[in-house]
Amino acid sequence: MKRTLALGGVAAGLLASAAIAAPAHADSVPSVNLANTNLAAQQVAQYWLGQAKANLVNATPYTAETTVSAKHVSTGGVSADDKAGVVGSSGDQKASTGTTKNVNLPKTTGKVFFTGADNKPHWCSATALQSQYKNIVATAGHCVYDTKSNAATLDNWVFVPGYYEGKTPWGIYVGKTAYTHYDYSVYEDGDRDYAFVSVYNGVIPTEGGTNGGKYESKLYKNKFDAYKALKSLQADKTTGYSKLQVVPVYERSSHSGGSHSNGSHNSGWNNQHDSHSTPSQGKVVGYKVVGFKVSIGLKDVGTLGSNVGGQGLAYNQKIGTAVFEFGYPSGSHPDGNYAFTGKTQKWAYGKTFKASAPSMKAEELVGIKSSFTGEGALGSSWLYRYSSAKRLGYLNGVTIAVSDTDGNGRIDTSVSPYFDGETLAVYKTAQANWSGKIV
């Protein structure tokens, strides 16, 4: 279920009395392992590449915490904590100021895929950043941390730049470690709803297919042992399995060609009820674990940055700064109009303004005018001084929610945390960590 949040102004007196947070330092930046071993990362890759990339193709936009009721904040609100600055992109320390004409879409933008609290595949938008090891992805914090079920992180996390209908033009990049601000990981503070994720080198499947065929276990006499075996397979970090389930095995009746005496059995792939014998299949004689064994040959394609480049980072920028928003919006407006499919990358352009959302613990957000609908737009990149020729700029925000500010039934605003010196500290910690290869 979506969480609908009320936004509004914050009393100036409250802001004046609020304590100024100390800058985040490397030793205070929380990090969480997503796939901390090569074998674990390979299994994540198998989850998405197996069965003709079925999980990628069937993934749906993530809908957690997308819609808010926003207002401009005229007094108080966000402010810079130091001088404005930028960290250079992979192509140019001084990207030219962007315009709204002839916009070339960045190669750095893509989708992050993960398994949600409902155990189904979902996606958000994200972008690649320039970093020491060319391995950093930026997105919304709640596209990494599971705020729905309060689990640590979302499972099977990967980044796919340029994704389109099952195509992975530059490979998939398995997440290794997620970094965020202390206030977000501990308090789910919406003012810090961003995450920087280090990813392993990209991989693509080698020729020969990505499906190892059907899997069928030995016969177990009872359900308990069968489910124990199923859990053991799910925990296996050396081989990928999918669609595992426990099914009954029936003794074949004599008129169907089976034999009571030779132990011939028919495993219940058809998911028939096992509580009673059936005339055609006979009585239940045990249980098996069935599913698909994913056998994938993976090929290393290098670092994320070497394949698509990386955006720079901007922080402590003035309110009123013009930015481009890039992402994969999807879903309908409140009036039911379905403007975006989420299949292709889109862009918007606007100037930042102050916003707040006390109900999501966010009193210092920034907003831009944008028609991006919430489903799929989460994690969209806000690029300052974007050069259409170079397809590079400076990341100055990530979409964490959208809003219909004038109440006409159509989304018109995207909101983001304000990137300041503390954001820079989290980024610096993330970008200094090497990921390596998984094959």
Quick one: [atom1] on [X] to [atom2] on [Y], what's the gap to the nearest 0.5 Å?
X	Y	atom1	atom2	result
Asn337	Ser332	CG	OG	8.0 Å
Tyr227	Gln245	OH	CD	8.5 Å
Asn36	Leu39	CG	CG	10.5 Å
Phe324	Tyr384	CZ	OH	13.5 Å
Tyr200	Trp434	OH	CH2	9.0 Å
Lys369	Ile411	NZ	CD1	11.0 Å

How far apart are the closest heavy atoms of [X] and [Y], and which atoms are they?
X	Y	result
Ala128	Leu304	CB-CD2, 3.5 Å
Leu378	Cys143	CB-SG, 3.8 Å
Ser198	Tyr179	OG-CE1, 4.2 Å
Tyr145	Pro30	OH-O, 4.4 Å
Gly331	Tyr338	CA-CE1, 3.4 Å
Leu129	Ala138	CD1-CB, 3.8 Å

Task: Contacts of Gln431 that satisfy side-chain hydrogen bond (donor to acceptor under 3.5 Å, both in side chains) - sequence neighbours left out - done: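 Testing Gln431 for side-chain hydrogen bond (donor to acceptor under 3.5 Å, both in side chains), a comparison that skips the adjacent residues, returns none.
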Open item on the list: Going by side-chain hydrogen bond (donor to acceptor under 3.5 Å, both in side chains), name the residues that satisfy it together with Ser416, two or more places apart in sequence or in a different chain.
Closed with: none
TODO: Salt-bridge test for Arg410 and Asp335: reply yes if a basic N is under 4.0 Å from a carboxylate O, no otherwise.
DONE: yes
Task: Charged N-O contact under 4.0 Å between Lys354 and Glu364 - done: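 Answer for the salt bridge query: no.
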Among [options], side chain to side chain donor-acceptor pair (under 3.5 Å) partner for [X]:
X	options	answer
Asn201	Asn307, Thr303, Asp300, Asn135	Asp300
Gln311	Thr108, Thr127, Asn396	Thr108
Thr115	Asn156, Asp146, Asn55	Asn156

May I ask you to decide if [Y]'s main-chain N or O and [X]'s side chain share a donor-acceptor pair within less than 3.5 Å?
X	Y	answer
Lys351	Thr321	no
Gln42	Ile438	yes
Tyr187	Tyr182	no
His122	Thr60	yes
Thr109	Leu105	no
Ser31	Ala178	no
His333	Gly409	no
Thr413	Asp404	no
Arg391	Lys107	no
Trp170	Val301	no

Open item on the list: Show, in sequence, the C-alpha distance, side-chain angles and deciding distance for Leu383 and Leu395, and conclude whether the side-chain contact (heavy atoms from CB on, under 4.5 Å) test is met.
Closed with: CA-CA 5 Å; Leu383 298 184; Leu395 185 72; 4.0 Å; yes
Open item on the list: The test is side-chain contact (heavy atoms from CB on, under 4.5 Å); show your working for Phe196 and Thr139 and say whether it passes.
Closed with: CA-CA 7 Å; Phe196 300 104; Thr139 189; over 6 Å; no
Contact between [X] and [Y] at the side-chain level, heavy atoms closer than 4.5 Å - yes or no?
X	Y	answer
Val366	Val415	no
Leu298	Thr206	no
Asp191	Pro417	no
Pro121	Trp48	yes
Val203	Lys299	no
Tyr418	Asn316	yes
Cys124	Val112	yes
Ile368	Trp382	yes

Under 3.5 Å, is there a donor on one side chain and an acceptor on the other for [X] and [Y]?
X	Y	result
Thr423	Tyr194	yes
Glu325	Ser381	no
Asp193	His142	yes

- [ ] List the steps, then state whether ring pair (Phe, Tyr, Trp, His ring centres under 6.0 Å) holds for Tyr163 with Phe113.
- [x] CA-CA 10 Å; Tyr163 176 81; Phe113 291 87; 5.0 Å; yes
Task: salt bridge (charged side-chain N to carboxylate O under 4.0 Å, His left out) involving Lys343 - partner list, sequence neighbours excluded - done: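 For Lys343, the residues satisfying salt bridge (charged side-chain N to carboxylate O under 4.0 Å, His left out) (neighbours in sequence not counted) are Glu165.
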Open item on the list: Going by side-chain contact (heavy atoms from CB on, under 4.5 Å), Leu34 matches just one of Val158, Leu154, Val44, Val197. Which one?
Closed with: Val197
- [ ] Could you go through the side-chain contact (heavy atoms from CB on, under 4.5 Å) check for Val323 and Tyr394 one step at a time?
- [x] CA-CA 9 Å; Val323 295; Tyr394 302 91; over 6 Å; no
Task: Test: Lys111 cationic atom under 6.0 Å from Tyr328 six-membered ring centre, within 45° of axis - done: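 Here Lys111 passes the 6.0 Å and 45° test against Tyr328.
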- [ ] Can you spot which of Tyr349, Phe326, Trp347 makes a ring-ring contact (aromatic ring centres under 6.0 Å, His included) with Tyr386?
- [x] Phe326
TODO: Verify side-chain contact (heavy atoms from CB on, under 4.5 Å) between Lys53 and Thr168, making sure each step is shown before the conclusion.
DONE: CA-CA 10 Å; Lys53 303 177 183 176; Thr168 57; 3.5 Å; yes
TODO: Would you sort out whether Phe419 and Tyr427 count as a ring pair (Phe, Tyr, Trp, His ring centres under 6.0 Å), showing the intermediate values?
DONE: CA-CA 10 Å; Phe419 279 17; Tyr427 161 78; 9.7 Å; no
